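Read the structure below first, then the notes.
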Amino acid sequence: MDFEKFCQENCVERKGTGTLKWDSLEEVFGDADLLPLWVADMEIQSPPAARQAIQARVEHGTFGYAKVTDDYYDAFFSWQKNHHGVTLAKENLRFATGVVGSLYAAVRAYTQPNDGVIICPPVYYPFYDAILNTGRTLVTCELDNHDGRFTLDLEKFEKTIAESKAKMFLLCSPHNPVCRVWTEEELEGMFAVCRKHGVLVVADEIHQDFTYDKDHAFFSTALLGDGKYKDMLILLNSGSKTFNLAGLIHSHVIIFDEKLMETYDAYIKSIGSPEVNLMGVVAMGAAFRDGAAWFDQVKALICHNYDYMKQAFAKDAPKIVLTPLEGTYLSWLDLRGYMDGKDVAEFIQKKCRLACDVGEWFSFTGHGYVRINLATDTKYIKMAVERILANLKELS
């Protein structure tokens with residue numbers, strides 16, 4: 001694959017287009033003159049099929065309330081079956097405006113104020129918000145770091161649940177930001193502990209399509225034990241990451257257990273059920289039907305960008321620990337081999353002139369880490385790597 005040609009033909013300038021990633025730097029970082037590698041979306045145009053479907057709808061010229069058609073269900077269900085082996089039916093599915101909003105909804109629907117909700121940092125920071133902003137009790141069980149590869153100590157996990165009497169576990173699978181694709185065995189261990197202690201599991205599987213080799217294949221929580229944990233599972237996903245459609249605010253809530261679904265529906269009715277987003281349904285349905293070839297190219301570019309970063313750091317900054325890219329399209333760097341962890345955020349922004357998600361956003365003990373988005377034009381990854389290397393050399 002000619003990656004330079006792909007980027008030239010598919011990557012676009014986003015600055016000045018009203019995009020969070022490029023146009024909110026002053027508000028978020030206090031500096032508009034940074035190279036943004038933070039928000040998990042892409043500079044890559046969405047699949048041609050999605051853009052063509054939107055254009056056709058625009059030409060039609062009406063934008064009234066939307067209905068999810070059988071074509072959408074067929075496309076989404078086929079994608080889930082063909083790519084992940086998950087069989088779905090209409091009664092299992094509800095629609096939402098995003099996975100983050102659904103985290104909040106699940107916490108509110110299934111727990112009470114002050115109930116404990118457990119997460120495993122370092123983890124996507126809205127997990128914290130969904131607990132703290134709803135008046136629940138934050139419970140944490142830090143992942144263990146083995147030279148850049150992160151695992152969950154099940155004994156520690158169970159002890160934390162037992163002592164906190166947590167009612168819910170927010171699971172990130174694949175795990176953002178540490179790039180882990182949990183194995184079937186690891187997931188079985190987590191769910192067995194949760195079953196033993198009566199803990200409901202909310203699984204964020206939005207990065208499910210971003211895996212890169214057979215040794216780290218994604219295993220959906222819906223399939224665990226041939227479905228024996230479905231009565232304690234609320235599963236959240238979307239094609240928004242897969243096809244770069246996050247701004248069209250369309251996602252899925254998947255619930256297999258009838259009683260859990262009744263509880264969810266009752267909560268949604270209590271707050272007013274939102275209509276589905278017309279363009280989200282149109283674009284995502286088309287992408288599920290005809291976006292696979294485009295997606296394979298995007299994954300190849302992500303691997304290319306990761307390999308460039310890995311080789312450059314191995315050669316010129318070998319004390320940077322780069323987490324293996326099992327899943328997601330996010331790299332996780334540990335710079336503590338070169339400086340105190342508490343200096344890393346300032347180094348990345350002030351010296352390297354990069355806008356990145358830093359470790360302390362994901363964990364109270366996360367100082368020293370940086371998350372860099374790999375789903376972008378290779379030229380930006382090269383710029384970021386060159387700036388980091390040049391400024392490390394200056395430090396030494």
Side-chain angles (χ1 to χ4, degrees), residues 3-4 6-8 10-16 19-26 28-44 122 148 176-179 210 212 241 244 298-325 327-339 341 343-362 366-396:
F3 295 106
E4 184 176 352
F6 179 83
C7 289
Q8 289 174 348
N10 294 277
C11 294
V12 293
E13 173 64 57
R14 298 182 68 197
K15 187 174 183 178
T19 181
L20 177 68
K21 184 176 184 179
W22 288 81
D23 297 326
S24 294
L25 295 175
E26 181 68 42
V28 177
F29 295 91
D31 189 341
D33 189 27
L34 302 172
L35 175 62
L37 295 164
W38 61 303
V39 176
D41 64 13
M42 309 181 191
E43 280 58 60
I44 307 163
N176 169 14
V178 302
C179 314
F210 292 96
Y212 302 97
K241 287 285 185 281
N244 200 29
V298 170
K299 287 210 300 183
L301 177 65
I302 292 165
C303 289
H304 172 70
N305 289 345
Y306 174 79
D307 289 342
Y308 171 83
M309 178 182 287
K310 181 179 178 180
Q311 292 167 16
F313 287 154
K315 178 177 181 291
D316 294 320
K319 289 190 286 186
I320 291 180
V321 179
L322 181 62
T323 291
L325 184 65
T328 79
Y329 55 74
L330 307 162
S331 58
W332 188 237
L333 287 65
D334 181 355
L335 275 68
R336 294 175 300 170
Y338 289 95
M339 68 193 78
D343 296 330
V344 167
E346 183 175 358
F347 170 79
I348 286 293
Q349 180 172 335
K350 301 295 184 182
K351 295 291 187 181
C352 302
R353 310 297 297 154
L354 304 176
C356 299
D357 301 62
V358 292
E360 50 265 45
W361 293 9
F362 301 91
H367 296 81
Y369 295 87
V370 176
R371 192 189 80 171
I372 293 180
N373 183 345
L374 295 165
T376 189
D377 194 319
T378 302
K379 69 182 181 183
Y380 295 133
I381 298 300
K382 289 183 176 180
M383 288 170 63
V385 169
E386 289 167 1
R387 291 183 190 185
I388 290 171
L389 291 176
N391 282 283
L392 286 178
K393 186 176 181 180
E394 194 174 288
L395 277 181
S396 63

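All values reported here derive from a predicted model rather than from experimental measurement. All residue numbers refer to positions in the sequence shown, counting from 1. What you see below is based on every heavy atom in this structure, not just the backbone, and it leaves out hydrogens, waters and symmetry mates.
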For [X], the option from [options] that meets side-chain contact (heavy atoms from CB on, under 4.5 Å):
{"X": "Ile302", "options": "Ile44, Leu374, Thr328", "answer": "Leu374"}
{"X": "Phe313", "options": "Leu335, Ile388, Leu392", "answer": "Ile388"}
{"X": "Ile372", "options": "Leu322, Ile381, Asp357", "answer": "Ile381"}

*asked:* For Glu43, give me all partners under salt bridge (Lys or Arg N to Asp or Glu O under 4.0 Å), at least two apart in sequence or on another chain.
replied: Arg14, Lys21

*Can you name the residues that form a salt bridge (Lys or Arg N to Asp or Glu O under 4.0 Å) with Asp31, not counting sequence neighbours?*
Arg353

*Keeping the roles fixed (side chain from Asp377, backbone from Cys11), state whether a donor-acceptor pair exists under 3.5 Å.*
no

For [X] versus [Y], what's the shortest heavy-atom pair and its separation?
{"X": "Tyr329", "Y": "Ala375", "result": "CD1-CB, 3.4 Å"}
{"X": "Arg371", "Y": "Cys356", "result": "O-CB, 3.6 Å"}
{"X": "Cys179", "Y": "Leu330", "result": "SG-O, 2.9 Å"}
{"X": "Gly148", "Y": "Thr323", "result": "O-OG1, 2.9 Å"}
{"X": "Leu389", "Y": "Ala312", "result": "CD1-O, 4.2 Å"}
{"X": "Ala384", "Y": "Leu35", "result": "N-CD2, 4.3 Å"}

Do [X] and [Y] have side chains that approach each other closer than 4.5 Å (heavy atoms only, starting at C-beta)?
{"X": "Leu325", "Y": "Tyr212", "answer": "yes"}
{"X": "Leu25", "Y": "Phe29", "answer": "yes"}
{"X": "Val344", "Y": "Val358", "answer": "no"}
{"X": "Ser331", "Y": "Met309", "answer": "yes"}
{"X": "Lys15", "Y": "Asp23", "answer": "yes"}
{"X": "Trp38", "Y": "Asn373", "answer": "no"}

*Would you list the pairs meeting side-chain hydrogen bond (donor to acceptor under 3.5 Å, both in side chains) in which at least one residue belongs to residues 302-322, sequence neighbours left out?*
Asn305-Thr378

*side-chain hydrogen bond (donor to acceptor under 3.5 Å, both in side chains) contacts touching residues 380-396 (sequence neighbours left out)*: none

*asked:* Rounded at 0.5 Å granularity, tell me how far CE in Met383 sits from CG in Leu37.
replied: 8.5 Å

Atom [atom1] of [X]: over 12 foreign heavy atoms under 6.0 Å:
{"X": "Glu4", "atom1": "CD", "answer": "no"}
{"X": "Lys299", "atom1": "NZ", "answer": "yes"}
{"X": "Glu346", "atom1": "CD", "answer": "no"}

*Under the ring pair (Phe, Tyr, Trp, His ring centres under 6.0 Å) test, which residues partner Phe362, sequence neighbours left out?*
Tyr125, Trp332

*Tell me the salt bridge (charged side-chain N to carboxylate O under 4.0 Å, His left out) pairs involving residues 327-338, sequence neighbours left out?*
Asp334-Arg336

